[in-house]
Amino acid sequence: MDRRRMFEVHPALACLLLASIYGLACRNALGAAENAGLSIGALKQLSIEDLMNLDVTSVSKQPEPYGRAPAAIQVITHDEIRRSGASSIPEALRLADNLDVAQQNSHDWAITARGFNTALANKLLVLVDGRSVYTPLFSGVFWNVQDYLLEDLDRIEVISGPGGTLWGANAVNGVINISSKSAKDTQGVYLEAGGGTPELKAFTGARYGGMLGSDVYFRVYGKYFDRGNEKYADGSNATDSWNMHQGGFRIDSYGSVGNVLTAQGDLYGSDLNITAGGRGTTTGGNLLGRWSHVISDDSNTSLQLYYDRTHVVDPITNQFATAQILTDSLDTYDLDFQHHIRWNERNRIAWGLGYRFTHDVVEEAQNLAFLPPKLDRNLYSGFVQDEVMLIKNLFFTLGTKLEHNDYTGFEWEPSGRLQWNAAADQMLWAAVSRAVRTPSRVDSDIREPYPAAPILGGNSNFRSEILIAYELGYRARLGSKASASLSTFYNDYTKVRSLTFTPATIVPLYFANDLTGDTYGAELSADYQVLEQWRLHGGYNLLEENIHVKSGGIDLSHALNETEDPHQQFFLRSSFDLPRNIELDGALRWVDKLIANNNGLPATVPSYFELDIHLGWHPVPKLELAIVGQNLLHDHHPEYGAPIAIPNREEIQRSVYGKVSYRW
């Protein structure tokens, strides 16, 4: 793409409008805002100190201040999600600088951290309220079925880097931990509705929270949206519109001292138009129960059990240009126990046990099969971790997770982490970790296009992919108005998935472990409180990848199929509180070009700038009116995929929508 064409009429107008509004607001309105004040407490942003003291749980499975968490972690708060104008969880994840978020079409996303962002990205573990949304079909996430009423989300914690010691296999390059608010914090009624063009055509949501008894709180919610089609490069319609409905509940009981009981569940269904032709559906639900028990000030436990059901009917066209309907039904049962104890003044120990059972049924189609079609799998796990205070302000954390799966047997994922609290508001940390990506059904069981005599077949001898990661980081509050975080890493990968052929007969082609290599890079983020009403956030990512075929190995994709990642990314966000309870938020991002796999040959996804703007007004404390513009710098642009892929690469359109929300 010619970069001179990236800022034509609409981009220039959008940038000029944003700059003009900010300039006029800063020059004429700040004095009035200071005198009048904001009548809605929700509009007040957290201070830099508050952000550094915000508790996170994903690093050690225990609450600890963000400023003292020794990992490359970023926190997306509820207020940031609301003010961004995000209408889905993948859109909200764009607020994490340490992620690569690429929209493929109207309903599919490619999301990862630190590389390996394939269409079936498989090195990122995602949890929703402690429930893993991983699918053993391809060791990844169906992003189009991960939804929630965003108003009820508390935060999203994003770790870039391995988390296998606590979270297990497939937490290779990162962990996303999505947490909803307790029912106690969502009392009353909340209503929202809106729509626009062309992408988010219409949406609505409702939630009611109340009490079932003394110290027993509940909420129920429902939501619906209808999203339009994306486009091809020539402007023609991609016919990939879709809609989804979802509802659920949560109950939190604080009936006895030291005990919290939680029960929650969701049901959902969606209809999707598929570019390849036909309609797809996804349905499912989940039910989770958790008991949290405080034994003493130095000891607490939790016991969690959940059931998850997903059913996917997806008309697809494979690399052999043959069409089929993929039908996958997955039942997951998961039991998890954890115990955290401060053993003495120097040792803080965490340990736990887990068991997961999955029942997966993939119905055979004319040109696609998974053999065996029905597969039961067991996963047993245990972990232990000890945080030791070596001397004052110097801590060493050592731990490992041991798992047994039915593909490769025992897997171990140890890590060592050193943390030095150099000052009250500065921390240095370093870590060495081992993580694995265990085999999926795609790796071992797939058969296409002819199940009886496949051209592509799975490999029952496929081994786990292995990562050895080295990390070094720094996080600090730089005075009262600024904070910064820098993380650097070097990752050494072995046994990465490749595509090879049968020596004597050429076909079937099959997956092997013939790729190896390394990646390294840096992630920088910073916040600056320009004025009481105005905050800026910036982020920059650098990623170098060197993945290649090992000596004596073969990969028909020439090491292009596992990585489709930008070399650099840049983010700039502005959040401004104007007089009369008006909010103005803007987010500019630049994503470097991608190298995609086009049947073993490199293909380019051009680099791009994009701009999102959210303008919100609270005429009364309980009412919010908002208008949101997304991808304002282009009529449509590509974010992922080869230009002559099957079907043709889709491009993401500019969209604008309005929203009304009311709470009481």
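Values reported hereafter were calculated over all heavy atoms of this structure, with side chains retained and with hydrogens, waters and symmetry mates removed.
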Going through the checks in order, is the ring pair (Phe, Tyr, Trp, His ring centres under 6.0 Å) test met by Tyr221 and Tyr148? CA-CA 9 Å; Tyr221 79 94; Tyr148 211 81; 5.2 Å; yes

Please round to the nearest 0.5 Å and tell me the distance separating atom [atom1] of [X] and atom [atom2] of [Y].
| X | Y | atom1 | atom2 | answer |
| --- | --- | --- | --- | --- |
| Asn286 | Thr332 | CG | OG1 | 10.5 Å |
| Thr516 | Ile547 | OG1 | CD1 | 7.0 Å |
| Trp109 | Asn117 | CH2 | CG | 12.0 Å |
| Ile111 | Arg94 | CD1 | CZ | 8.5 Å |
| Asn173 | Leu125 | CG | CG | 12.0 Å |
| Asn170 | Ser464 | CG | OG | 8.5 Å |

Side-chain donor/acceptor of [X] to backbone N/O of [Y], under 3.5 Å:
| X | Y | result |
| --- | --- | --- |
| Thr502 | Ala504 | no |
| Gln338 | Leu303 | no |
| Lys223 | Gln246 | no |
| Ser139 | Thr135 | no |
| Asp334 | Ser132 | no |
| Gln385 | Ser60 | no |
| Asp514 | Lys550 | no |
| Thr112 | Gly115 | yes |
| Trp167 | Ser58 | yes |

How are the rings of His339 and Phe337 set to each other: parallel, tilted or perpendicular (split at 30° and 60°)? tilted

Looking at side-chain heavy atoms only, is the closest gap between [X] and [Y] below 4.5 Å?
| X | Y | result |
| --- | --- | --- |
| Glu448 | Pro454 | no |
| Phe142 | Asp108 | no |
| Arg279 | Trp242 | no |
| Val436 | Leu467 | no |
| Glu639 | Val591 | no |
| Pro162 | Val172 | no |
| Val442 | Phe370 | yes |
| Ser487 | Ser160 | no |

Would Glu465 and Lys123 satisfy salt bridge (Lys or Arg N to Asp or Glu O under 4.0 Å), going step by step from the backbone distance to the final call? CA-CA 10 Å; Glu465 301 177 342; Lys123 295 177 177 59; 2.7 Å; yes

Within 45 degrees of the axis of the six-membered ring of [Y] and under 6.0 Å from its centre: does [X] put its NZ or CZ there?
| X | Y | value |
| --- | --- | --- |
| Lys61 | Phe383 | yes |
| Arg227 | Phe225 | yes |
| Arg377 | Tyr407 | yes |

Tell me which one of Asn597, Thr118, Asp555 satisfies side chain to side chain donor-acceptor pair (under 3.5 Å) with Asn561. Asn597

Under 3.5 Å, is there a donor on one side chain and an acceptor on the other for [X] and [Y]?
| X | Y | value |
| --- | --- | --- |
| His311 | Ser329 | yes |
| Tyr333 | Asp331 | no |
| Asn229 | Thr239 | no |
| Arg250 | Ser180 | yes |
| Asn405 | Glu403 | no |
| Thr400 | Thr165 | no |

Per side-chain contact (heavy atoms from CB on, under 4.5 Å), Ile156 is matched among Leu95, Asn177, Val126, Ile76 by Ile76

Salt-bridge test for Lys374 and Asp360: reply yes if a basic N is under 4.0 Å from a carboxylate O, no otherwise. no

Is it true that Arg437 and Glu411 have a side-chain N and a carboxylate O under 4.0 angstrom from each other? no

Going through the distances and angles, do Gln569 and Asp97 end up as a side chain to side chain contact (heavy atoms under 4.5 Å, CB included)? CA-CA 8 Å; Gln569 295 186 91; Asp97 306 335; over 6 Å; no

Between [X] and [Y], what is the shortest heavy-atom contact and its length?
| X | Y | answer |
| --- | --- | --- |
| Leu99 | Ala113 | CD2-CB, 3.9 Å |
| Ala72 | Glu523 | CB-OE1, 3.9 Å |
| Ala596 | Gly641 | CB-C, 4.0 Å |
| Pro638 | Arg649 | CB-NE, 3.6 Å |
| Glu364 | Leu371 | OE1-CD2, 4.5 Å |
| His107 | Asp240 | CD2-O, 3.3 Å |

Checking His245 against Tyr224 for the ring pair (Phe, Tyr, Trp, His ring centres under 6.0 Å) test, could you report, in this order, the C-alpha distance in whole Å, the side-chain angles of both residues, the deciding distance, and whether it holds? CA-CA 4 Å; His245 53 273; Tyr224 171 82; 7.2 Å; no

Please list, chain by chain and in numerical order, all residues satisfying side-chain contact (heavy atoms from CB on, under 4.5 Å) with His567, sequence neighbours excluded. Leu542, Glu544, Asp592

Would you please name every residue forming a side-chain contact (heavy atoms from CB on, under 4.5 Å) with Val128, sequence neighbours left out? Arg131, Val133, Ile178

In this structure, which one of Trp412, Phe410, Tyr355 forms a ring pair (Phe, Tyr, Trp, His ring centres under 6.0 Å) with His404? Phe410

Test salt bridge (charged side-chain N to carboxylate O under 4.0 Å, His left out), reference Asp443, set Arg497, Arg463, Lys495, output is Arg497

Could you please spell out the steps behind the side chain to side chain contact (heavy atoms under 4.5 Å, CB included) verdict for Asp129 and Ser179? CA-CA 5 Å; Asp129 284 331; Ser179 301; 4.2 Å; yes

What do the steps show when you test Asp266 against Tyr268 for side chain to side chain donor-acceptor pair (under 3.5 Å), and what is the final call? CA-CA 7 Å; Asp266 308 279; Tyr268 60 85; over 6 Å; no

